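Here is the structure we will look at.
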Amino acid sequence: MIQIQNVSKWYGQFQVLTDCTTSIAKGEVVVVCGPSGSGKSTLIKCVNGLEPVQQGKIIVDGIQVNDPATNLPKLRSHVGMVFQHFELFPHMSIIQNLAIGQVKVLGRSQDEANERGMKLLDRVGIKSHANKFPGELSGGQQQRVAIARALSMDPICMLFDEPTSALDPEMISEVLDVMVDLAHEGMTMMVVTHEMGFARKVAHRVVFMDQGKIVEDASKDEFFGQPRSDRAQQFLSKIL
Ligand code: ADP
Ligand code: MG
């Protein structure tokens, strides 16, 4: 579903990604972790073309992202992205947040979009707040809305960039629970997170990054059992 082949990227003179290669199969859940500044957000943004790459290839569902001929808005509409800071439209109600993309991008009728939106809000436990505005919801609720909004576009895969790191501790599990359910339903997921409990529960593989490189790309059992690199060992010893 997602192939990252020998990707290198620079911000000006600064090389942020160096020869990164990995892939994510359909239905696979891959957790990406590593120290702050190691290039995790940059890598995930490259996957849906929010950032260009200067070398290598990224292919999503058979379409090369970094090919000038690719219709990026169209591709992005099929790739769900959930950020650290929710990024909901603050001036729209929750249900409007869920419906707008379906109507404007997928061409669904307003009724159809609302109906699908309500189903998804129900699924993430927010149905009773459908007519509120984002500012009236807690961070955990807003992040569940953001996940529901991404799902409303019928994505072929979901990308998450530290979806729980801006949340108060008591709200983390309500968001992770939704993500665990998604994983169990077979969604293809690339998840940047330091929530190693989540990784242990649902990840198939763990990718560890350091200084722009993929230092380790291992099965969950290998990674938690015996990480090969010193850097990953140090990292795990600090956060576990
Ligand atoms: P992570 O998500 O692992 O913390 P990032 O991908 O955000 O890492 O950043 C990797 C490195 O690239 C950091 O050194 C960061 O300062 C730098 N960086 C990130 N975004 C930009 C940008 N738009 N311009 C220049 N440097 C950037
Ligand atoms: Mg980041």
Side-chain angles (χ1 to χ4, degrees), residues 2-24 29-60 65-66 72 76 79-88 139-140 142-143 146-147 150 155 157-169 171-172 175-176 179 188-199 202-203 205-218 220 223-224 227-240:
I2 300 173
Q3 286 169 273
I4 298 171
Q5 298 174 352
N6 306 104
V7 164
S8 293
K9 174 180 173 64
W10 286 259
Y11 285 123
Q13 298 286 312
F14 173 67
Q15 183 161 11
V16 58
L17 297 175
T18 305
D19 201 24
C20 293
T21 297
T22 189
S23 60
I24 302 179
V29 178
V30 173
V31 161
V32 180
C33 60
S36 175
S38 55
K40 307 178 297 294
S41 295
T42 301
L43 185 66
I44 212 166
K45 280 187 208 149
C46 292
V47 170
N48 71 351
L50 286 173
E51 281 287 350
V53 308
Q54 282 82 34
Q55 274 178 20
K57 270 189 201 170
I58 297 184
I59 299 166
V60 176
V65 179
N66 55 324
L72 271 184
R76 257 182 229 139
V79 176
M81 175 98 203
V82 176
F83 301 92
Q84 187 175 1
H85 294 289
F86 331 135
E87 321 263 345
L88 299 173
Q142 288 187 60
Q143 193 59 301
I147 295 172
C157 58
M158 289 280 285
L159 312 178
F160 293 86
D161 190 3
E162 303 210 32
T164 59
S165 57
L167 299 176
D168 291 334
M171 292 173 189
I172 290 175
V175 171
L176 290 178
M179 293 169 61
T188 306
M189 296 164 72
M190 179 172 179
V191 185
V192 176
T193 187
H194 291 159
E195 293 292 336
M196 291 298 125
F198 172 81
V202 297
R205 287 192 0 257
V206 179
V207 166
F208 177 78
M209 293 184 70
D210 188 30
Q211 297 183 9
K213 295 191 182 128
I214 293 180
V215 177
E216 196 129 352
D217 184 347
K220 171 178 63 180
F223 184 77
F224 289 114
R228 267 166 299 192
S229 64
D230 291 347
R231 207 56 200 83
Q233 279 174 21
Q234 282 167 23
F235 177 80
L236 277 177
S237 69
K238 272 186 210 141
I239 65 169
L240 287 182

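Counting starts at 1 for both ligands and their atoms, in listed order. Because the structure is a prediction, the values reported are computed rather than measured.
- A donor-acceptor contact shorter than 3.5 Å is absent between the side chain of Lys9 and the backbone of Thr42.
- In terms of protein heavy-atom proximity, atom 23 (N) of ligand 1 is nearest to Tyr11 CE2, 3.6 Å.
- Panel note: side chain Ser8, backbone Asp19; a donor-acceptor pair is recorded below 3.5 Å.
- At least one donor-acceptor pair under 3.5 Å links the side chain of Arg205 to the backbone N or O of Ser23.
- Remark: Gln211 CD is loosely packed, at most 12 non-hydrogen atoms of other residues, nucleotides or ligands lying under 6.0 Å away.
- Counting backbone and side-chain atoms alike, Thr42 contributes no N/O/S atom closer than 2.8 Å to the Mg ion (ligand 2).
- Closest to atom 15 (C) of ligand 1 among all protein heavy atoms lies Phe14 CE2, 4.9 Å.
- Between the Lys40 side chain and the Val191 main chain, no donor and acceptor come within less than 3.5 Å of each other.
- Looking only at distances, no side-chain donor or acceptor of Gln84 sits under 3.5 Å from a matching main-chain atom of Glu162.
- Between Val16 and ligand 1, no pair of N/O atoms sits closer than 3.5 Å.
- Taking a distance limit of 4.0 Å, we find that atom 26 (N) of ligand 1 is approached by some protein heavy atom.
- Pro35 counts as a contact of ligand 1, since one of its heavy atoms falls under 4.0 Å from the ligand.
- The distance criterion of under 3.5 Å between nitrogen or oxygen atoms is met by Gly37 with respect to ligand 1.
- In terms of polar-atom proximity, defined here as any N/O pair under 3.5 Å, Glu51 makes no such contact with ligand 1.
- Contact annotation for Thr42 and ligand 1: heavy atoms of both the backbone and the side chain come within less than 4.0 Å of the ligand.
- Shortest contact from atom 7 (O) of ligand 1 to any protein heavy atom: Ser41 CB, 3.7 Å.
- Remark: minimum distance from atom 3 (O) of ligand 1 to any protein heavy atom is reached at Lys40 NZ, 2.7 Å.
- In this structure, the side chains of Thr21 and Asp217 stay at 4.5 Å or more apart for every pair of heavy atoms.
- Geometrically, Lys238 does not engage Phe235 in a cation-pi contact defined by less than 6.0 Å to the ring centre and at most 45° from the axis.
- Among protein heavy atoms, atom 8 (O) of ligand 1 sits closest to Gly39 N, 3.2 Å.
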